[in-house]
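Any value given below was found using the heavy atoms of this structure, including those in side chains, with hydrogens, waters and symmetry copies removed. In what follows, chains are A, B, ... by sequence order, proteins preceding strands, each numbered from 1.
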Amino acid sequence: MPFRIEVALKPGYRDAAGESVKASIKSHLGLSADSVQTIKVYTVNAELTDDEKKAVASGPFSDSIVQEYSLDRPLAKGFDWMVEVGFRPGVTDNEGKTGKEAIEDRLGRKLKPDESVHTSMQYLIKGKLSRPQIERISKELLGNELIERFSIIEGSGWDGRIEPYVPLVRDAHKPQVREINLDVSDRELVEISRKGTLALSLEEMRRIRDYFKEARVLEERRKVGLGDKPTDVELESLAQTWSEHCKHKIFNAHIDYYEDGRKESIDSLFKTYIQGSTQEIAKKVDWLVSVFKDNAGIIRFTEDYNVAFKVETHNSPSALDPYGGAITGIVGVDRDPAGTGMGSKIIAHTNVLCFASPYYKGRLPPRIFHPRRIMEGVVRGIKDGGNKNGIPTINGAILFDDRYGGKPLVYCGSIGLMPAMINGRPSHEKKADDGDLIVMVGGRIGKDGIHGATFSSEELHEGSPATAVQIGDPITQKKMLDMLLEARDMGLYKCITDNGAGGLSSSVGEMAESAGGCELHLEKAPLKYHGLDPWEILLSEAQERMTLAVPPDKLDDFMSLCRRRGVEATVLGKFTNSGRFHVLYDGRTVAYLDMDFLHHGLPRMSLTAKWSAPKHDEPKLPEEGLTGYLMSLLSDLNIASKEWVIRQYDHEVQGGSVVKPLVGKDNDGPSDAGVIRPILDRMEGLAVANGINPFYGDIDTYHMTANSIDEAIRNLIAVGASLDRIALLDNFCWCDPVYDPEKTPDGHYKLAQLVRANKALYDYTIAYGTPCISGKDSMKNDYKLKGEDGKEYKISIPPTILFSAIGVIPDVRKCVTMDAKAPGDIVFVVGKTKDELGGSRFYALLGAIGNSVPKVDAITNKKTYQALSKAIDAGLVASCHDCSDGGLAVALAETAFAGGLGMDIDLLRVPAERLNKDAQVLFSESAGRFVVTVAPENEKAFRQAMDGVECESIGTVRPDDRFLVRGLKGSRVIDTIIGALKESWQYPLRW
Amino acid sequence: MGVRSLVLTGYGINCEMETAYASELAGAEATIAHINDVIDGKYDLEDYHILNFPGGFSYGDDLGSGKAFANKLLYARTPSGPMIEQILRFIEDGKLIIGICNGFQILVKMGLLPGFDGNYKEQTCTVFYNDKGFRDAWVYLKLNPASKCVFTRGIERMYLPIRHGEGKFIPGDKSVLDRLWRNGHVVMQYADEGYRPTMEFPMNPNGSVDAIAGICDETGRVFGLMPHPEAFNHITNHPHYARLCQEHRRKGEPLPEEGDGIRIWRNAVEYAREKLV
């Protein structure tokens, strides 16, 4: 009989969770509750004696000092409303899983496989609130209907009873395999794809239909007992392998690009520009180990160690369930470096997030959460995903623009460290061979994440499937990744990859390519619950799983290690050299596809792109009130302090933190890049930074991309890295750029924006010698909805490109931070300021976009960066800060208040080009610039080091807190104190 | 024979590497052992002098931080008897135990701390949810000169990182709190910049009663604390490293490289060398 354990705080102890809910009811929903009390509920679905129940409830399930518990007796009393929130059947309940283990540990016996523990949270609310208001609080604050259920009880009239509810998947469904008739009209083919969330185009459906008409194919299929029609297992495998998510169809398409009446034919953006530039750079550098091959790119770190770096996006799931989506993104991206080469240890995270304004006041379309709820949920997901796995989040960024209201962008980056050689072999090489066993380790398979790959290849809409939502389980993953590092070093497997998008179909399919085939027995796969069809087992993206190739003679050792580490492992079949992707269920063949057709049968797309530069209005520049403008800029959400978020992330675990996200006198200034020393007894470091500015894309995505690359690199230079060893990751998040007269009439322009971004990527990575080593694209960031007029509308994100940069630092002791260090130090500006305010934060403040987008002069900047790196290395620089959003004024203000010291600045001395207005000098966002402070005794040497580079002293650091700027006409244009500047910068997101 | 330090790991403990490194810097020979290998008898506590419960998120903090791991240790059986008996013998033998962050939570919830009257099996205090959620920041710590703690001998103040969501130290009742003070169990308190103990957020990051950040048992040999001394193993860990560097260079003074956190293990190793080896 299932029973309930309720756990509540004893009287007199502070209920921080309840207080926080009470505050959010006010701040998020504008409602008012007198008090909120929380009670934790465990529903135990297991046979326990009364003594055992007591032992469990008083032991691991409650804390005798501050909590009281009850067994099958509600603790609630004196409330106006009770809301209990628990998971729906089949949704991952991490704490419930731990609860079951804790019972087993406490009682010293195993529970039965179908016995389980489920958690829920009870909120007791006092206050004058109506039922509709309570329902709103439940749905918009306490839980998410997609994955959670609510029970709401009104205090008056409650009979004092609550029956235990066990949310188990009770599916009487008998697994089956369907055949699909593709010998139908084009219209029906399209319908089959649409209804099945296959995301296959008509041309692709036709290609599949034709394959299943080939005489050779039919003959072979009959031999293994299959009919002439494809099975659902086969069709689903093809759909997922051919998805935009996995095959990057747009990046591999043939594109006719038109600009100024000229036509250019591009044979694959990826090959031409991304791979093309890296191949060029590879001829000149010797530290690229493995690029664009594996789950992550690998570069050399020290003589003995390499690092693997990958950034993924997890946008659509984060829109539907911000917490689950983000945590899944984090634990998901960790499996990329962890499954790169023979596997690496994850040593750092970096995240970049794009949201609509959390202060958004407009109406919300159906099934779209308020941006603040999305932001808080995503941040919590990233926090748990990183902190609970013991991985420091060392750098990141958050951007705000209401065009991210339909889909937030959640970029999750992960860095892994691996010995260059393992057991005498290069660690970046791996291969599965004929006869090796297919072993799946980690979590179990459920219906979660089915159609993730195909679903993310479509726009989001009201009917998007709930199964796409998963909740990552950091502890199952942590146990698995720890175990895998041991197994790696013991030489117990030959090949490894993660189960991400596409699940087993993808991981086994990929590894089978190197062996030449596979034989996979789906009935052996461990399931979370019964009733999954074979295609669902194959496609499920249930988290925390890796697939390995284990040689038969290592199997016993491997399985024994897994048992001792509490990690589930199952043999699912073997790799073969049959040339076939062979899948069986209960001994019967359910899929039999040519490996070649599966991986290379996809027809290529042909697309058209047409560029015409947009024209925007120019604003009138203000001549006065510049102090106020500077304050407003510092309060711009895109510039304002993100300390509220940063402090929730552990950025110091693993003990090698050097430059933290917040630096300066009071540890609250904005660092340009994160630096860690991953090998504790050595002084080499890794610096990590990001460059992103979608606002420039409103003018030209070519310059947006150039600036993003420049910003990422500049951030690294600012802390002490050098161009000698910087690698980049490109990450494109686009709105659908495939022209469709009805759905996407502006597809030609959006594709031209994509082409231009790629051209800049090629030009600037080559100019700087900073290769892209891995990347990702997410091409369907649109939210489709029906308006009240019955027409369909789309909320599309602006084209957004993120460059994540990693730099190797030979000696972290030479790193510098951005805060001014001492009174009397000389303030230099490095780099030339031009009339480039188009797309700037200042223009945004004036309500304009403008046209003069910053243009990156890579040749000049390269010289600047090399000189500055040398100056930092020589110890001549006291502080160095990147100059970007908000221009020189913001960079100076940040440098000053982070150091707790004022400044005297003279704008006339700023190296500039044709500028006659103070606002231009202060707020232009020209690339390639820094604010540097230098001790007076180092001035001469610094000037010498910067010889031949635009660099001039523009003032000094003051001993007091005054921040003074003299304008071009000699009068004081900014006069304030650093405390006021800092407050402007801190208050907007101080939650 | 040298001093040997055993560092536990597994189930979400995640600071084992830097904790082992800190031990080694202090002169001990460190071994990282998965808790299941200790329970299986692959490692014998008898062979070690210092036992480290590192920080992390054992079982993801499910059921309350440290609860599930404490539960596992309390009821696990090794080939030579209950795990807890081995741990108690370790203490009886005059050896040293340190629990950091999640390790501190585990020690308190097992009852090993404060362990009044040598009763290491009864929980008398707890470490609970912070008043304001998870926080990563550096804190000033005032050490209690009356403390018996072996690990903190000669240390008056420290500046260390905290990174936790459940660090609010709560004694069972007033008499427990009085006794903690009276008998020198209190080792360190959160303090302001002038090293005066404070209840003010964020200097006191979690709302701990009497700003208590770490306690020891009656012998001073079992010690637990929320801050992470192992994460200050090198001067570059210091949040003001770049500032300190400038200060020292301008004065022409060298900047010592070792992080202040290592002193904790230096004390432990020195004690073990004197009394145990």
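Residue Leu74(B) does not touch chain A at all, counting heavy-atom pairs closer than 4.5 Å. Only the side chain of Lys383(A) comes within contact range of chain B, with heavy atoms under 4.5 Å apart. With a threshold of 4.5 angstrom between heavy atoms, Lys132(B) does not approach chain A through any atom at all. At a 4.5 Å heavy-atom cutoff, Glu19(A) makes no contact with chain B through either its backbone or its side chain. Of the two parts of Tyr649(A), only the backbone, made up of N, CA, C and O, holds a non-hydrogen atom closer than 4.5 Å to a non-hydrogen atom of chain B. Heavy atoms of His228(B) lying under 4.5 Å from chain A are absent altogether. Looking at Asp825(A), only its side chain comes within 4.5 Å of chain B, counting heavy atoms on both sides. Looking at Leu9(A), the atoms closer than 4.5 Å to chain B (heavy atoms on both sides) all sit in the side chain, from C-beta outward. Using a 4.5 Å cut-off between heavy atoms, Pro60(A) touches chain B through backbone and side chain atoms alike. Neither the backbone nor the side chain of Asp384(A) has a heavy atom closer than 4.5 Å to any heavy atom of chain B. Only the backbone of Thr124(B) comes within less than 4.5 Å of a heavy atom of chain A; no side-chain atom from C-beta onward does. There is no contact between Pro202(B) and chain A, counting heavy-atom distances below 4.5 Å. Residue Ala23(A) does not touch chain B at all, counting heavy-atom pairs closer than 4.5 Å. If you measure heavy-atom distances from Val877(A) to chain B, the contacts under 4.5 Å come from the backbone alone. Heavy atoms of Glu247(B) lying under 4.5 Å from chain A are absent altogether. If you measure heavy-atom distances from Arg77(B) to chain A, you find no contacts under 4.5 Å at all.
Residue with the most contacts toward chain B among Ser62(A), Ser879(A), Gly108(A): Ser62(A) (heavy-atom pairs, distance under 4.5 Å). Ranked by heavy-atom pairs under 4.5 Å with chain A, the list Pro161(B), Gly172(B), Cys125(B) is led by Cys125(B). Of the listed residues (Lys814(A), His651(A), Gln67(A)), the one with the most heavy-atom contacts under 4.5 Å to chain B is His651(A). For chain B, the option among Thr817(A), Val658(A), Asn667(A) with the highest count of heavy-atom pairs below 4.5 Å is Asn667(A). Per-residue counts of heavy-atom pairs under 4.5 Å with chain B were compared for Ser657(A), Gly685(A), Gly875(A); the largest is that of Ser657(A). Among the candidates Cys245(B), Ala137(B), Gly259(B), the residue making the largest number of heavy-atom pairs closer than 4.5 Å to chain A is Ala137(B). The choice from Val812(A), Asn387(A), Val66(A) that makes the most heavy-atom pairs within less than 4.5 Å of chain B is Asn387(A).
Contact annotation: the side chain of Arg243(B) approaches that of Asp819(A) to within less than 4.5 Å [non-hydrogen atoms, C-beta and beyond]. Here the side chains of Glu652(A) and Arg163(B) are in contact, with some heavy-atom distance below 4.5 Å. Looking at heavy atoms from C-beta onward, Trp138(B) lies in side-chain contact with Lys660(A) at the 4.5 angstrom threshold. Residues Glu101(A) and Tyr59(B) form a side-chain contact, since some pair of their non-hydrogen atoms from C-beta on lies under 4.5 Å apart. Looking at Glu937(A) and Arg250(B), their side chains come closer than 4.5 Å, going by heavy atoms from C-beta outward. Side-chain contact check for Glu18(B) versus Val653(A): some heavy-atom pair is nearer than 4.5 Å. Considering only heavy atoms from C-beta on, Tyr21(B) comes within 4.5 Å of Leu680(A) through its side chain. The shortest distance between side-chain heavy atoms of Arg106(A) and Lys72(B) does not fall below 4.5 Å.
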Inset, instruction - Could you please spell out the steps behind the side-chain contact (heavy atoms from CB on, under 4.5 Å) verdict for Leu63(B) and Thr98(A)? - result: CA-CA 8 Å; Leu63(B) 312 180; Thr98(A) 298; 4.3 Å; yes

Inset, instruction - Begin with the C-alpha distance, continue with both residues' side-chain angles, and end with the deciding distance and a verdict on side-chain contact (heavy atoms from CB on, under 4.5 Å) for Tyr75(B) and Asp105(A). - result: CA-CA 6 Å; Tyr75(B) 300 101; Asp105(A) 285 341; 5.5 Å; no

Legend entry - Stepwise side-chain contact (heavy atoms from CB on, under 4.5 Å) check, Tyr129(B) with Asp15(A): CA-CA 9 Å; Tyr129(B) 292 94; Asp15(A) 185 347; over 6 Å; no

Inset, instruction - Report the C-alpha distance between Phe134(B) and Arg647(A) in whole Å, list the side-chain angles of each, state the deciding distance to 0.1 Å, and finish with yes or no for side-chain contact (heavy atoms from CB on, under 4.5 Å). - result: CA-CA 8 Å; Phe134(B) 184 97; Arg647(A) 294 255 173 243; over 6 Å; no

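Side chain to side chain, Asn233(B) and Arg677(A) meet the donor-acceptor criterion of an N or O pair below 3.5 Å. His34(B) and Asp482(A) are not linked by any side-chain donor-acceptor pair at a separation below 3.5 angstrom, with hydrogens and angles left out of the test. Thr126(B) and Asp63(A) form a side-chain donor-acceptor contact under 3.5 Å, judged by distance and modelled atom types alone.
Proximity of a side-chain donor or acceptor of Asn237(B) to a complementary backbone N or O of Gly655(A) within less than 3.5 Å is detected. Between the side chain of Tyr241(B) and the backbone N or O of Arg813(A), at least one donor-acceptor pair lies under 3.5 Å. Using a distance-only test at 3.5 Å, with no hydrogens or angles considered, a donor-acceptor pair links the side chain of Lys388(A) to the main chain of Gly60(B). In this structure a side-chain-to-backbone donor-acceptor pair under 3.5 Å is missing from Asp136(B) to Gln648(A).
For the atom pair Lys168(B) NZ and Arg14(A) CZ, the distance stands at 6.0 Å (nearest 0.5 Å). Remark: Asn71(B) CG to Glu104(A) CD distance equals 11.0 Å, nearest 0.5 Å. The structure places CD of Gln246(B) at 7.5 Å from CG of Asn938(A), a figure rounded to the nearest 0.5 Å. Considering CD1 of Ile65(A) and CD1 of Ile170(B), their distance stands at 9.5 Å, rounded to 0.5 Å.
Salt bridge Asp650(A)/Arg135(B): absent, no basic N to carboxylate O contact under 4.0 Å. The pair Asp40(B)-Arg564(A) does not meet the salt-bridge criterion, since no charged nitrogen lies less than 4.0 angstrom from a carboxylate oxygen.
Summarising the geometry of Ala242(B) relative to Cys815(A), their closest heavy-atom pair is CB-O, 4.3 Å, with the distance given to 0.1 Å. Taking every heavy atom of both residues into account, Asn14(B) and Gly390(A) meet most closely at ND2-CA, 3.1 Å. Between Met683(A) and His234(B), the shortest heavy-atom distance links the atoms CE-NE2, 3.3 Å. Across all their heavy atoms, Ser64(A) and Gln123(B) have their closest contact at OG-OE1, 4.3 Å. Across all non-hydrogen atoms, the minimal contact from Asp131(B) to Ala16(A) is O-CB, 3.8 Å.
The environment of NZ in Lys10(A) is crowded: more than 12 heavy-atom neighbours from other residues, nucleotides or ligands sit within 6.0 Å. In Glu193(B), the CD atom is not crowded: 12 or fewer heavy atoms of neighbouring residues, nucleotides or ligands sit closer than 6.0 Å. A 6.0 Å sphere centred on CZ of Arg682(A) holds no more than 12 heavy atoms belonging to other residues, nucleotides or ligands.
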